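Notes to accompany the following structure.
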Amino acid sequence: MTKALDGVRILDFTHVQSGPTCTQLLAWFGADVIKVERPGEGDATRKQLVDVPGADSLYFTMLNHNKRSITLNTKNDKGKEVLERLVKSCDVLVENFAPGALDRMGFTWERIQELNPRMIMASVKGFGPGPYEDCKVYENVAQCAGGSASTTGFLDGPPLVTGAQIGDSGTGLNLALGIMAALFQREKTGRGQKVLAPMQDGVLNLCRVKLRDQQRLEKGPLKEYSQYGEGIPFGEATPRAGNDSGGGQPGRILKCKGWESDPNAYTYFITQAPAWKKICDVIGKPEWKEDPEYATPPARLNKLSEIFATIEAWTMTKTKFEVMEICNPLDIPVGPILSMKEIAEDMSLRETGTIVEVDHPERGKYLSVGCPIKMSDSPVEVTRSPLLGEHTSEILADVLGYSAEEIAELKEIGATEAVKKLAAE
Ligand code: CAO
């Protein structure tokens, strides 16, 4: 079967996490992704958090599936010449270098347009234009600058970062979407364009409900926040709200059977207004259904801690999965807190390709996340990440049309493997 992006060629100049997430998605949709790496070292993540000595790390392998790797020193003349030819042969250049790095290499947007007017140049940067545009940025910096950290955590504790990589992988998704739209527009205009996805913007976009609350706060207290019911005054900025749900329906994380020894024996429980009567029956409080002190959402606001303590007394008698089995058919929204171990062992996620087992020549079998987007006419087959420079000779010959002699001359740009291979032929 064909793939959605068959025939699209990506010059992948990305490293670490944000950029590689984007190009991995494009590869899963069928694009030919050519990852350009520095000879001898490659993407720094290859050797970060190493768990199998000598093998590429899980950090690298889980972000670079379905790509080809060419090693190229793009700071010498020969390397620049190869890069120019790659720019002419590809549809999209994706990069997430520190601001200005590509310009210093001699590949300004103007130069890229001269070489290939159809080229789409897509970048992740920490910040958009403004006071911080020159900063190097990592995940947690973006979470802090995008409003996530100040609104995550408990009221009486410090700001918290979240384990979900919303700055890196989240921005990679935004960039992929921008590239898709630019490819679509190019069909009509014949021109490429610049696509920029700043990490701060990506995080803020995911935190929009907190910006919503910032503006509501100017009109009065945020009544659905637990602190309102507890009589704690609000300050000037959207506060940290613990595990309150962001949607206006009160919710908390509650203990379940086994919580004393299992750190993940918890459930999320939402007292969704339409399900209130069923909740009262389930937890053994039928009298709350008609009691005016409990029957309506506004009446419950100043009693949420008492109400959730009563619900928790019930959830503690059940496992998190039993809570799910009982509440789901009644349309009471609950969700078990799943550990990474439980997720890794969940066979239904393997069946849908959400988790995949991949074989790698250096490290053997490992688990990875598969494509989170499923398309009926563009199935995803996850293949292993490339070894450093594994496809150098193949790309120089097949994509750029270099002869064996020319490839031999490129020795100093890091095409050592290609030279060795061709010399042996
Ligand atoms: N050949 C020769 N030189 C190469 C090369 C190649 N194939 N590939 C990269 N380089 C060079 C770059 O040109 C740059 O050189 P100069 O500094 O002399 O211009 C150098 O390698 C280092 O690039 P860098 O500054 O991007 O890398 P870093 O490790 O210092 O910074 C990071 C990493 C992520 C902080 C920075 O790239 C950045 O801010 N990127 C944008 C935001 C981003 O994506 N952050 C998410 C990262 S994941 O948490």
Side-chain angles (χ1 to χ4, degrees), residues 11-24 34-49 57 59-60 62-64 67-87 93-108 111-112 121-130 132-146 148 161-176 178 195-203 386 388-389 391-392 395-396 410 412-416:
L11 172 47
D12 181 8
F13 230 159
T14 68
H15 65 157
V16 203
Q17 186 178 165
S18 63
T21 321
C22 165
T23 50
Q24 179 171 262
I34 298 175
K35 185 169 173 103
V36 179
E37 297 184 82
R38 229 187 311 209
E41 315 166 33
D43 188 325
T45 59
R46 282 188 186 268
K47 295 295 166 245
Q48 269 173 28
L49 307 175
S57 70
Y59 195 8
F60 177 83
M62 291 174 73
L63 280 159
N64 290 285
K67 303 180 184 178
R68 300 199 276 173
S69 166
I70 177 171
T71 47
L72 204 60
N73 182 348
T74 55
K75 282 192 173 161
N76 71 26
D77 289 344
K78 287 278 183 200
K80 283 190 208 298
E81 184 191 305
V82 176
L83 190 59
E84 282 194 3
R85 284 172 71 163
L86 278 170
V87 169
L93 186 162
V94 191
E95 63 93 24
N96 67 314
F97 288 128
L102 214 53
D103 294 348
R104 288 193 288 279
M105 227 180 255
F107 288 85
T108 60
R111 178 74 187 129
I112 286 169
M121 186 173 119
S123 306
V124 169
K125 295 288 168 259
F127 294 93
Y132 304 121
E133 65 187 316
D134 292 330
C135 297
K136 288 189 175 185
V137 169
Y138 289 98
E139 171 69 45
N140 288 345
V141 177
Q143 287 195 24
C144 293
S148 176
V161 293
T162 158
Q165 305 285 282
I166 57 178
D168 278 339
S169 289
T171 306
L173 275 170
N174 288 347
L175 193 70
V195 179
L196 172 67
M199 295 167 74
Q200 181 186 36
D201 300 36
V203 171
L388 179 60
H391 306 96
T392 301
I395 293 163
L396 289 173
L410 296 174
E412 71 273 26
I413 67 161
T416 329

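Whatever order the structure lists them in is the order used to number ligands and atoms, beginning at 1. Everything numeric here is computed off the predicted structure, so don't read it as measured data.
Only the backbone of Glu37 comes within 4.0 Å of ligand 1, counting heavy atoms alone; no side-chain atom from C-beta on gets that close. When non-hydrogen atoms are compared, ligand 1 lies under 4.0 Å from the backbone of Leu72 (N, CA, C, O) but not from its side chain. With a 4.0 Å cut-off on non-hydrogen atoms, Val137 touches ligand 1 through its backbone and not its side chain.
Listed by number with element, the atoms of ligand 1 under 4.0 Å from a non-hydrogen atom of Ser18 are 43 (C), 44 (O), 46 (C). Ligand 1 places these atoms under 4.0 Å from at least one heavy atom of Asp168: 46 (C), 47 (C), 48 (S), 49 (O).
Here the side chains of Lys80 and Phe107 are in contact, with some heavy-atom distance below 4.5 Å.
Of all protein heavy atoms, the one lying nearest to atom 22 (C) of ligand 1 is Arg38 NH2, 4.1 Å. When only non-hydrogen protein atoms are considered, atom 9 (C) of ligand 1 lies nearest to Phe97 CE2, 3.3 Å.
Here's the thing with Lys75: one of its N/O atoms is less than 3.5 angstrom from an N/O atom of ligand 1. Remark: ligand 1 and Phe13 share no N or O pair separated by less than 3.5 Å (distance only, no angle test). At a 3.5 angstrom cut-off on N or O pairs, Val124 does not count as close to ligand 1.
Ring planes of Phe13 and Phe97: perpendicular class, angle over 60° (limits at 30 and 60°).
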